[in-house]
Amino acid sequence: ANDNEMNGTVSRRMMKDRTILYQEIIQEKSSCMKKFENAMIPNAPRQIWVIIFVEGMERFSYYGFRAILTLYLISRLKMSESSAITVFALASSGAYASPVLGAYISDALIGKYYTILTLGSIYVFGLWILVIAALHQSIEMTFFALALVSLGTGGIKSCVSAYGADQIRGGPITNQEVAVRRFFAVFYASINIGSILSFGLIPSVRALFGYTIAFLIPAILLLLALLAFFSARKYYINCDTKKMHFSWTMLLQSIGVFPLPQNQDIIKLRRVFRLLLTMPIFWMLYDQQASVWVIQATKMKRHHIQPEQIGIANPIFILILLPLFEKYIFPYLQHELHLNPTPALRIKCGMAFASAAFFVAAFVDAHAEKLHILWQLPQIFLISIAEILVSVTGLETSYAWAPATLKSTITSAFLLTTAVGDAAAGVFFATLSLSRTKLLFLCALIMLITLFLFSTLLSPSFDNPSVQTDPDLLSTAQRDNPTLISPAGNIELVRDSLKHHHPTTTTNLSSTSSSSAAALV
């Protein structure tokens with residue numbers, strides 16, 4: 001009996017010691033996590049990390065199903081290559097047209113939280129319909145699912161990043177400018193991490209288990225992401241206090257419906273629309289990475305690499321190139337070569353890189369059956385450089401030039417240029433009965449023509465702006481830290497090139513352009 005009592009006492013002590021050890025381990029992990037969170041976003045409330053987590057899972061889900069969509073349409077639904085490319089392009093177009101609707105619902109009707117919850121539920125429902133469609137190989141259900149997904153993913157695109165920033169601006173954080181900047185950096189990283197993981201995993205699942213299981217994983221993860229977002233509902237800070245203000249008169253005057261008065265806002269807005277005219281052609285080319293280039297990859301030697309997986313190179317290149325351009329390339333051009341990287345110059349160089357990418361793609365396509373899939377890396381590298389120079393610069397510049405009453409509208413209009421470009425790609429491949437190689441070559445020529453038109457007709461007005469900026473609008477944090485990196489790319493250098501021309505606060509430029517760049521990705 002004494003032995004049993006002694007053994008019981010020893011067991012209880014061991015259990016107590018083990019419990020204390022576990023508590024210490026948990027506290028240490030919690031402390032490490034807190035230190036990490038504070039290092040990234042000082043004193044950020046936990047709901048911000050929920051939003052970042054949700055965004056990463058949503059982007060995994062979106063890029064995951066998107067990576068295998070073109071091959072699913074061809075191999076399971078028996079569509080022709082041109083029809084599959086058209087369907088893919090129109091689905092992508094819908095995803096970039098619906099942010100306008102999402103922005104209106106959020107700003108004018110129900111606010112960001114309920115917009116994310118409502119349209120996010122439609123998004124989840126659409127992915128589950130896609131799973132059922134793949135199981136039954138139903139074209140009708142697939143089209144219905146893609147319509148729901150396009151509405152859902154685009155509808156929340158204009159809300160999630162802004163809602164995350166609201167948690168900082170409406171909270172107790174003292175240095176909000178730095179916190180917002182760092183939030184967008186982590187937010188953008190979560191997008192790219194989700195993208196990279198989806199490109200690596202989903203094509204392999206598709207190869208091993210088929211399309212139904214491959215579509216099921218994004219559907220499950222998106223459902224979990226929406227539940228995680230809902231679980232933090234008690235902690236969110238809602239800053240939706242004003243209805244949308246939309247200046248129809250100013251908008252109509254800017255496109256020439258009314259006579260142009262001597263109004264600086266109208267002049268700036270007209271320059272924005274001139275810039276936006278050049279963007280759809282770029283997007284028409286850019287989004288062929290996930291359709292035409294994937295089909296090209298199926299014809300090449302792959303050695304156990306799935307044709308969709310080569311797309312992982314684009315987000316990797318972006319993560320590497322963004323800080324290189326920010327910290328080294330642009331400063332070297334400006335300070336060593338005395339070549340000011342103005343928005344117009346960057347956009348022109350980006351168009352040249354995009355054209356070069358498609359000349360390379362056409363060459364690769366002509367010899368696809370003899371080449372390894374890694375020969376696609378040069379064209380992906382070139383289009384990644386073009387993305388930084390055209391997309392990021394165009395977004396930042398159009399936002400900076402937009403009048404204060406139309407900032408959100410112009411950001412939505414920029415996203416709408418992607419929809420127009422993707423729709424144009426759908427029509428392009430549906431109507432022209434040329435070989436894939438010739439179509440790629442023709443795309444390169446179209447980009448060169450766009451570059452010529454931009455250089456001769458639009459670029460001069462960008463290089464000689466007539467609107468001045470008050471230097472006092474620059475924030476103290478940005479004057480003291482001119483090398484801070486923004487996830488949207490070269491925002492600080494854009495500020496330097498714009499600060500003599502455009503009346504906008506640098507804080508708004510950093511946060512909103514970063515937000516929209518994240519949405520574009």
Side-chain angles (χ1 to χ4, degrees), residues 37 40-59 98-125 151-188 190-191 222-246 399 404-412 415 487 505 507-519:
E37 292 176 356
M40 299 305 296
I41 309 175
N43 302 316
R46 286 298 176 90
Q47 68 266 27
I48 286 179
W49 295 102
V50 173
I51 292 173
I52 290 171
F53 171 76
V54 167
E55 178 66 14
M57 292 184 72
E58 188 277 325
R59 288 292 87 183
S98 54
V100 178
L101 176 62
Y104 175 76
I105 292 174
S106 171
D107 292 346
L109 300 176
I110 61 177
K112 298 182 186 70
Y113 172 76
Y114 288 105
T115 301
I116 294 170
L117 208 58
T118 303
L119 295 182
S121 299
I122 294 174
Y123 188 1
V124 171
F125 183 62
L151 174 62
T153 185
I156 67 174
K157 188 183 292 290
S158 57
C159 299
V160 177
S161 58
Y163 197 53
D166 285 350
Q167 308 310 305
I168 295 174
R169 296 193 180 283
I173 298 176
T174 53
N175 196 345
Q176 292 188 355
E177 291 179 4
V178 174
V180 168
R181 179 184 292 277
R182 291 187 178 180
F183 163 74
F184 282 118
V186 180
F187 188 88
Y188 187 74
S190 73
I191 290 172
L222 186 63
L223 177 60
L224 294 175
L226 193 64
L227 291 174
F229 178 77
F230 179 73
S231 69
R233 61 192 180 280
K234 295 180 180 179
Y235 305 102
Y236 293 129
I237 298 170
N238 294 301
C239 302
D240 305 300
T241 57
K242 296 181 179 180
K243 297 293 184 181
M244 176 187 293
H245 177 72
F246 194 90
Y399 176 82
T405 56
L406 290 172
K407 294 286 188 187
S408 59
T409 303
I410 293 303
T411 301
S412 298
L415 293 174
T505 65
T507 302
N508 287 340
L509 175 60
S510 298
S511 61
T512 306
S513 60
S514 300
S515 167
S516 303

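Everything quoted here is computed from the prediction, not taken from an experiment.
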Practice problem: Measure the shortest side-chain to side-chain distance between E58 and V160 over non-hydrogen atoms and say whether it is less than 4.5 angstrom. | Solution: no

Practice problem: Measure the shortest side-chain to side-chain distance between M57 and L223 over non-hydrogen atoms and say whether it is less than 4.5 angstrom. | Solution: no

For [X] and [Y], which heavy atoms make the closest approach, and how far apart are they?
X    : Y    : value
G155 : S98  : N-OG, 3.6 Å
I116 : L226 : O-CD1, 4.2 Å
A228 : F53  : CB-CE2, 4.1 Å

Atom [atom1] of [X] and atom [atom2] of [Y]: how far apart are they, to the nearest 0.5 Å?
X    : Y    : atom1 : atom2 : result
T153 : L222 : OG1   : CG    : 8.5 Å
L101 : L119 : CG    : CG    : 7.0 Å
K157 : R59  : NZ    : CZ    : 4.0 Å

Practice problem: Give me the one residue out of I156, I48, N238, T115 that meets side chain to side chain contact (heavy atoms under 4.5 Å, CB included) with Y163. | Solution: N238

Quiz item: Considering the options Y113, F230, Y114, which one meets the ring pair (Phe, Tyr, Trp, His ring centres under 6.0 Å) requirement together with Y236?
Solution: Y113

